Amino acid sequence: MICALGDLLLDVIVRVDEPIAEDTDTYGRTHVGPGGQAANVAAWVAELGGRARFIGKRARDPAGRILREELARRDVDVAGPAVEAGTGTVVSLARSDGRRTMLTDRGTAPDLCAEEIEPAWFAGCDLLHVPGYSLVRSPIAEAALRAAAIARQAGARVSVDLSSTRAVRELGIARFRARLAELRPETVFGNEDELDLVGEVEADAVVRKRGALGCAVHGPDGNVSVFAAAPAEVVDTTGAGDALAAGFLLGGPDAGVAAAARCVARMGAFPP
């Protein structure tokens with residue numbers, strides 16, 4: 001069982017194939033579906049044959065009910081408190097060259113408190129995955145630290161995705177590193193910019209996500225293993241890193257790059 005603690009959001013993806021024109025129309029393709037880094041990882045774990053549980057604060061508003069149903073349809077367990085309103089939304093502007101910009105409203109997700117964490121949520125948990133987004137805001141950061149302590153007591157391992165250079169900078173690199181050290185993750189995921197910003201981290205495996213180049217796995221002994229990306233026709237890169245993380249945690253690097261290739265071949269961060 002892999003548990004992922006963090007955000008369940010509405011993902012609105014807008015792919016434009018031309019420069020955005022001001023004060024008039026720009027044409028493109030749109031996709032609306034579930035998202036949020038923790039939810040993405042949980043959904044891909046289930047898609048790839050693993051048992052998955054999403055842990056987070058969510059809303060019971062119309063969008064929140066739809067997102068909850070999408071997780072249930074994919075056999076993802078859901079744990080965490082629910083409030084009446086406040087489902088967050090991410091609008092991703094995706095370009096044909098694979099680059100994207102995200103406009104993010106996390107809604108009620110960062111309001112998860114340490115006091116709301118229940119040990120029963122971690123029953124059967126083999127690994128707790130914590131996106132960096134869950135470490136950069138309070139009170140969810142304190143909730144993530146408490147969750148990791150409970151999960152470890154139950155024998156689970158911990159993995160972290162660095163998530164966002166902007167989020168790390170806003171918290172402060174030193175504070176982020178301190179929270180990372182307190183979590184003591186066995187596996188850390190990050191892209192080139194994120195890992196360069198955060199600097200050296202202690203982990204059994206540091207997975208450098210390299211986009212179209214695949215990934216590189218750095219071991220504690222200094223050895224580096226490089227894994228090429230699996231062939232794919234890139235439609236949308238949203239969620240590719242989360243699919244890679246899910247595959248890696250379930251089956252290693254080859255499973256990770258294969259899952260990422262499946263993700264980029266269609267619009268949306270969730271599996272079909």
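Throughout, numbering of the chain's residues begins at 1 and tracks the sequence. Computed from a predicted structure; not experimentally measured.
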Checklist entry - Under 3.5 Å, is there a donor-acceptor pair linking the side chains of Asp221 and Asn223? => result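 Yes, because at least one side-chain N or O of Asp221 sits under 3.5 Å from a partner of the opposite role on Asn223.
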
Checklist entry - Do you see a donor-acceptor pair shorter than 3.5 Å between the side chains of Gln37 and Asn40? => result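 There is no such pair (donor and acceptor under 3.5 Å, judged by atom type) between the side chains of Gln37 and Asn40.
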
State, to 0.1 Å, how close [X] and [Y] come at their nearest heavy-atom pair, and which atoms those are.
X	Y	value
Asp254	Val257	O-CG2, 3.3 Å
Ser92	Met102	OG-CG, 3.5 Å
Asp61	Gly86	OD2-N, 3.1 Å
Arg137	Arg106	CG-NH1, 3.6 Å
Trp44	Ala269	NE1-O, 2.8 Å

Does [X] pair with [Y] as a salt bridge, N-O distance under 4.0 Å?
X	Y	answer
Glu170	Arg166	yes
Arg184	Glu202	no
Glu69	Arg65	no
Glu186	Arg157	no
Arg179	Glu182	no
Asp111	Lys57	no
Lys209	Asp161	yes
Arg208	Glu192	yes

Item to check | Phe270: which of Asp242, Asp11, Leu71 passes side-chain contact (heavy atoms from CB on, under 4.5 Å) | outcome: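 Running side-chain contact (heavy atoms from CB on, under 4.5 Å) over Asp242, Asp11, Leu71 with Phe270 returns exactly one hit, Leu71.
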
Checklist entry - When you measure from the side chain of Ser164 to the backbone N and O of Ala167, does any donor-acceptor pair fall under 3.5 Å? => result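 Yes, Ser164 side chain to Ala167 backbone: donor-acceptor pair under 3.5 Å.
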
Item to check | Arg177 side chain to Val198 backbone, donor-acceptor under 3.5 Å | outcome: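 Pair found, side chain donor or acceptor close to backbone of Val198.
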
